[in-house]
Amino acid sequence: MDTLIALVIAALVTAFFLRGYLKNLKKRDERARAAAEKGKLFSEGPRSQHPHIDNAQCIGCATCTTVCPEGDVLAMVGGKAAIVNGYKCIGHGLCAEACPVGAIQMVMASPSVGADMPFMTAEHETSIQNLFIAGELGGLALIKNAVNHGRECVDTISARLDENRPATPGLHDVLIIGAGPAGISASLRAIENRLSYVTLEQDEVGGTVAKYPRQKLVMTSPVEFPMYGKFKKTELSKENLLAFWDMVLNRADFNVRTGEKVENITKGADGLFTVNTLNNSYRARAVVLALGRTGTPRKLGVEGEDLAKVMYRLIEADHYVNKRILVVGGGDSAVEAAMGLASQVGNQVTLSYRKEQFSRIKERNAKRIDECWRNGKINVAFNSIPVKIREDSVTLEVGGQLRELPNDYVWIFAGGTPPYDFLKKIGVQFGMRDLTAEAGRERNTDQNQLAHAAR
Ligand SMILES: Cc1cc2nc3c(=O)[nH]c(=O)nc-3n(C[C@H](O)[C@H](O)[C@H](O)COP(=O)(O)OP(=O)(O)OC[C@H]3O[C@@H](n4cnc5c(N)ncnc54)[C@H](O)[C@@H]3O)c2cc1C
């Protein structure tokens with residue numbers, strides 16, 4: 001009798017929890033469908049490498065939906081993982097790593113999609129022999145990819161160099177252009193491999209990372225960092241990452257020339273490269289282009305845009321108080337800058353966006369900007385474009401009407417132009433590259449390296 005009662009109780013408890021579990025599952029599914037609908041409405045799709053989910057293999061465990069540092073990129077729909085907010089994905093690939101059945105592959109595009117991109121071999125060499133592309137310029141985002149590419153390019157160059165080559169004054173083994181993570185890694189590998197090199201940077205060391213907002217949390221993966229070894233941190237602030245690079249670069253006596261924008265590269269009949277900046281000319285046996293994709297901010301072409309008060313990046317919002325400010329753009333950078341500036345004493349901030357609503361910003365930013373707008377901290381002007389900028393004012397066209405606003409500073413966040421015109425000018429061949437498997441290949445290389453390092 002006792003056993004029967006125990007069995008009934010156990011059955012009731014199981015049924016209770018099962019009911020709760022199924023209810024929870026249904027709610028999660030409903031939430032995901034809502035997110036998917038919203039994603040469809042707002043999303044412009046993934047912007048770089050992103051997960052491809054094989055539905056036939058997905059067992060619906062939802063592990064992938066819990067590990068993404070960018071939030072709700074993935075959700076469970078109909079018991080299977082699905083991309084619901086593709087535009088938020090920057091390609092960390094943790095979902096693919098977490099999937100217990102290998103149902104997720106990182107891809108650059110949907111199957112069979114190609115894009116007009118610089119032609120590159122598996123060694124990152126362009127159509128011009130000994131001219132390499134490292135990092136995001138080649139199409140793959142993320143710091144770990146940039147570090148891996150930079151190192152690999154220099155290893156290929158080292159292997160090709162004749163050990164008995166003469167040391168010719170003014171001729172470098174390799175010229176590295178750009179000092180973001182790809183250029184830093186390439187430079188350190190050049191030092192490690194005892195090559196003569198110089199690194200040219202138009203701006204400051206650190207590349208895109210140096211331009212992240214203050215205290216931004218950077219997510220990365222363990223990576224083999226030249227002149228240091230395995231860098232194991234996976235989460236750290238932008239400042240700490242830059243300080244780490246600075247420490248390794250100082251120790252290695254980094255040979256960088258900042259303020260040197262490369263304007264042209266030519267290759268002579270002798271196979272040597274001449275690299276021209278505005279004021280200097282350099283010669284090298286090989287070149288690594290580590291220019292990134294966002295080096296040159298996109299301009300609006302508005303009258304007065306060349307005034308010194310117009311800027312394209314905001315790093316320290318607290319330098320600006322009691323100012324009349326216009327921020328232009330509708331992405332996370334614009335919204336975050338507007339909110340940062342509006343929180344400083346006495347600033348009057350207007351955010352101008354050409355569309356009728358924000359369409360590709362993080363949920364958290366959408367809520368916060370809405371709150372700032374409602375409580376009058378920021379004036380949001382949808383359907384508006386700046387048409388003229390003067391020393392003390394800006395003119396916006398809002399829904400066909402001109403409106404002049406008193407103004408001290410303008411920030412424009414209209415994205416960056418990938419330096420493809422520059423690549424074409426120097427003779428790099430472009431073509432339709434099948435992007436489907438490229439990010440997957442990169443991930444496998446990473447995993448092989450980790451396995452190798454663990455041995
Ligand atoms: C807001 C934001 C957040 C991100 N968060 C993360 C994250 O958490 N984790 C992560 O892994 N990745 C993140 N990324 C992506 C990551 O920052 C990039 O993938 C990475 O910086 C690419 O490195 P890179 O060296 O290829 O190019 P970049 O970092 O862009 O560096 C290129 C350098 O080349 C220089 N340059 C360009 N043209 C010339 C020229 N003609 N002459 C001389 N110098 C030139 C530029 O000034 C720049 O310093 C984020 C990106 C953004 C925009």
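When a ligand or atom number is given, it counts from 1 through the structure's own listing order.
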query: Going by the order shown, which atoms of ligand 1 are within less than 4.0 Å of some heavy atom of Ala182?
result: 25 (O), 26 (O)
field: Residue part near ligand 1, for Val205, under 4.0 Å between non-hydrogen atoms
entry: neither
message: Holding to side chain to side chain donor-acceptor pair (under 3.5 Å), I want the full list of residues that pass it with Arg194, two or more places apart in sequence or in another chain.
response: none
task: Return yes when Ala290 approaches ligand 1 closer than 4.0 angstrom through a heavy atom, no otherwise.
output: yes
- request: Identify whether the distance between the nearest side-chain nitrogen and carboxylate oxygen of Glu192 and Arg189 falls below 4.0 Å.
  value: yes
task: Examine the proximity of ligand 1 to Tyr212 and report which part, side chain or backbone, both or neither, has a heavy atom under 4.0 Å away.
output: side chain
message: With a 4.5 Å cut-off on side-chain heavy atoms, are Ile128 and Phe273 touching?
response: yes
query: What do you reckon, is NZ of Lys424 surrounded by more than 12 foreign heavy atoms closer than 6.0 Å?
result: yes
task: For Ile177, counting its heavy atoms only, list the atoms of ligand 1 lying under 4.0 Å from any of them.
output: 42 (N), 43 (C)
task: With heavy atoms under 4.0 Å as the rule, classify the contact between Ile143 and ligand 1 as side chain, backbone, both or neither.
output: both
- prompt: Quick one: which of Met219, His149, Glu201, Lys261 has a heavy atom closest to atom 7 (C) of ligand 1?
  reply: Met219
query: Do Leu341 and Tyr409 come within less than 4.5 Å of each other through their side chains, counting heavy atoms only?
result: no
- prompt: Is Gly206 in polar range of ligand 1, meaning some N or O pair under 3.5 Å apart?
  reply: no
Side chain to side chain donor-acceptor pair (under 3.5 Å) partners of Glu263, counting only residues at least two apart: none
statement: Atoms of ligand 1 under 4.0 Å from any heavy atom of Ala146, numbered from 1 in the order shown, are 23 (O)
- prompt: Do Thr208 and ligand 1 have an N or O pair less than 3.5 Å apart?
  reply: yes
task: State plainly whether the residues Glu201 and Arg257 are in salt-bridge range, i.e. N to O under 4.0 Å.
output: no
query: Which ligand 1 atoms are under 4.0 Å away from a heavy-atom of Glu260?
result: 42 (N), 43 (C)
field: Side-chain ion pair, Glu125 and Arg160, N-O less than 4.0 Å
entry: yes
message: So for atom CZ, which belongs to Arg368, do other residues, nucleotides or ligands contribute more than 12 heavy atoms lying within a distance under 6.0 Å?
response: no
message: Could you check whether any heavy atom of Val218 sits closer than 4.0 Å to an atom of ligand 1, since that is the contact criterion I want to use?
response: yes
field: Sub-4.0 Å atoms of ligand 1 with respect to non-hydrogen atoms of Gly135
entry: 26 (O)
- prompt: What atoms of ligand 1 come closer than 4.0 angstrom to any heavy atom of Gly207?
  reply: 29 (O), 31 (O), 48 (C), 49 (O)
query: Does an N or O from Gln202, backbone or side chain, lie closer than 3.5 Å to an N or O of ligand 1?
result: yes
statement: Taking only non-hydrogen atoms of Pro181 and a 4.0 Å limit, the atoms of ligand 1 in range are 20 (C), 21 (O), 23 (O), 25 (O), 29 (O)
query: Is any NZ, NE, NH1 or NH2 atom of the basic residue among Asp421 and Lys425 found under 4.0 Å from an Asp or Glu carboxylate oxygen of the other?
result: no
- prompt: Between the candidates His92, Glu235, Glu136, which shows the shortest non-hydrogen contact distance to atom 18 (C) of ligand 1?
  reply: Glu136
message: Please tell me whether Phe358 and Phe382 form a close aromatic pair, meaning their ring centres lie under 6.0 Å apart.
response: yes
